[in-house]
Amino acid sequence: MTTLNRREIVLGAAAALAGGLAAAAESSKDWPSRPVKVIVPGGAGGILDTMARQLYARLQETLGQPFVIDNRPGANGVIGSSVVKNAAPDGYTILHSTASSMVMAEALNPALSIKTLRDLEPVALSSVGGVLLTVHSSVPAKTLPELVALLRKEPQKYQSYGSWGVGSNGHLTMEWIKQREGLSIEHVPYKSTPALLTDIVAGVIPIGWVDVVSPLGFIAQGKLRGIALTGTVRSPKLPDVQVLSEQGYPFTAAGWQGVFAPRNTPRPILERLHAAINAEVIKPAFKEALRQANIPPAPAVSREVFVQTLTDDLAVWRKVVADGNIRPE
């Protein structure tokens, strides 16, 4: 191949890209004019899937086109994120994902092929909450400081804790607590929250981090106790469980769900989708849906605030990973 041919190819590719972006910008005036595919990197029936369906059923009414959920679980969200990264930047394929997949996974594994702020366009936050530290009913601790004291006093009795995987919100938060307090309790990663809950209830493992929905029945039955919550706001159905900062642990990084689009999606599409989502999250009906899922209502924030949240969270989780010398599986 000659240098001229290479140059022609490069120029041709650049022209094709420019043409594609121009066409996308032109079509953005009528967006959406056909169904929008929503990639959800979690299984059907999970809390991510449930809240996505709540949101997009409402957006369908607002924007006049179906928003079709496409579940793509696996690889801590990377499979779903990659689908959107490689999609046409025309607003017809978007991503509804979590802090765990979008910032924690990247903090844990810098070699990931996808980088959130490099490869995607942050659109909007849809909910902000936390994950729950639970203990078996036989564990006497009722607060995080009491649990820390217990782990120091009886380390042989309480040798391990569980989470739903390496790099999960619960795992990295507990590692931060371990670093702060000099604890040596070992992490046991589970493949799913239901499997972890089964073992906590059975007393196989006495301590675990779970979502705020799955354990509610066991807590009501007295089989589990919630003792701490990440984030900054208590959960609606567990009003007595304090967040970490209320218990003397100044760690406020939260779990959240948010919406992303492929890089170079035209700004008018991003702004229209952002405005539509923000209009929904402040409506009483959506707030009530969040409360029923034990998630506190989230304020509507700008895209700039969302980007800053991503930036700040990445810095926090990278430090936790580096200080704890944590490695991906």
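Side-chain atoms are counted along with the backbone in the values below, which use heavy atoms only and exclude waters and symmetry mates.
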Taking [X] for the side chain and [Y] for the main chain, is one N or O donor matched with an acceptor at less than 3.5 Å?
| X | Y | answer |
| --- | --- | --- |
| Thr116 | Met102 | yes |
| Asn109 | Ala105 | no |
| Thr232 | Thr252 | no |
| Asn71 | Gly42 | yes |
| Arg318 | Ala107 | no |
| Gln159 | Ile185 | no |
| Gln247 | Thr143 | no |
| His274 | Val123 | yes |
| Glu181 | Ile177 | no |
| Arg263 | Glu121 | no |

[X] and [Y] aromatic centres sub-6.0 Å:
| X | Y | result |
| --- | --- | --- |
| His96 | Tyr56 | yes |
| Trp256 | Phe306 | yes |
| Phe251 | Trp176 | yes |
| Tyr92 | Phe67 | no |

Modelled atom types, side-chain donor and acceptor of [X] and [Y], under 3.5 Å:
| X | Y | value |
| --- | --- | --- |
| Ser163 | Ser168 | yes |
| Ser214 | Asp211 | yes |
| Glu280 | Thr62 | yes |
| Asn169 | Thr173 | yes |

State, yes or no, whether a side-chain contact exists between [X] and [Y] at a heavy-atom distance under 4.5 Å.
| X | Y | value |
| --- | --- | --- |
| Leu314 | Leu117 | yes |
| Thr134 | Phe218 | no |
| Lys237 | Gln292 | yes |
| Pro296 | Pro236 | yes |
| Val36 | Pro66 | no |
| Leu238 | Asn294 | yes |
| Ser81 | Leu95 | yes |
| Glu246 | Arg234 | yes |

[Y]/[X] salt bridge by N-O under 4.0 Å criterion:
| X | Y | value |
| --- | --- | --- |
| Asp119 | Lys115 | no |
| Lys178 | Glu175 | yes |
| Arg267 | Glu271 | yes |

Leu196 CG to Tyr190 OH distance, which is reported to the nearest 0.5 Å: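 Here the interatomic distance stands at 6.0 Å.
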
[X] and [Y]: which non-hydrogen atoms are nearest, and at how many Å?
| X | Y | value |
| --- | --- | --- |
| Arg72 | Ile39 | CG-CG2, 3.9 Å |
| Val135 | Ala141 | CG2-O, 4.1 Å |
| Ala253 | Trp317 | CB-CZ2, 3.8 Å |
| Ala261 | Val84 | C-CG1, 4.0 Å |
| Gly165 | Pro189 | CA-CB, 4.0 Å |

Identified side chain to side chain contact (heavy atoms under 4.5 Å, CB included) partner of Val212 from the options Leu229, Ile47, Val131: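 Result for side chain to side chain contact (heavy atoms under 4.5 Å, CB included) with Val212: Leu229.
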
In one Ile/Leu/Val/Met/Phe/Trp/Tyr side-chain cluster, 4.5 Å: Trp164, Ile295: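 As far as the 4.5 Å side-chain criterion goes, Ile295 and Trp164 are not connected within one cluster.
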
Intermediate values then yes/no, salt bridge (charged side-chain N to carboxylate O under 4.0 Å, His left out), Glu61 and Arg58: CA-CA 5 Å; Glu61 296 179 6; Arg58 291 171 167 81; over 6 Å; no

Intermediate values then yes/no, salt bridge (charged side-chain N to carboxylate O under 4.0 Å, His left out), Arg225 and Asp240: CA-CA 11 Å; Arg225 183 185 311 113; Asp240 296 330; over 6 Å; no

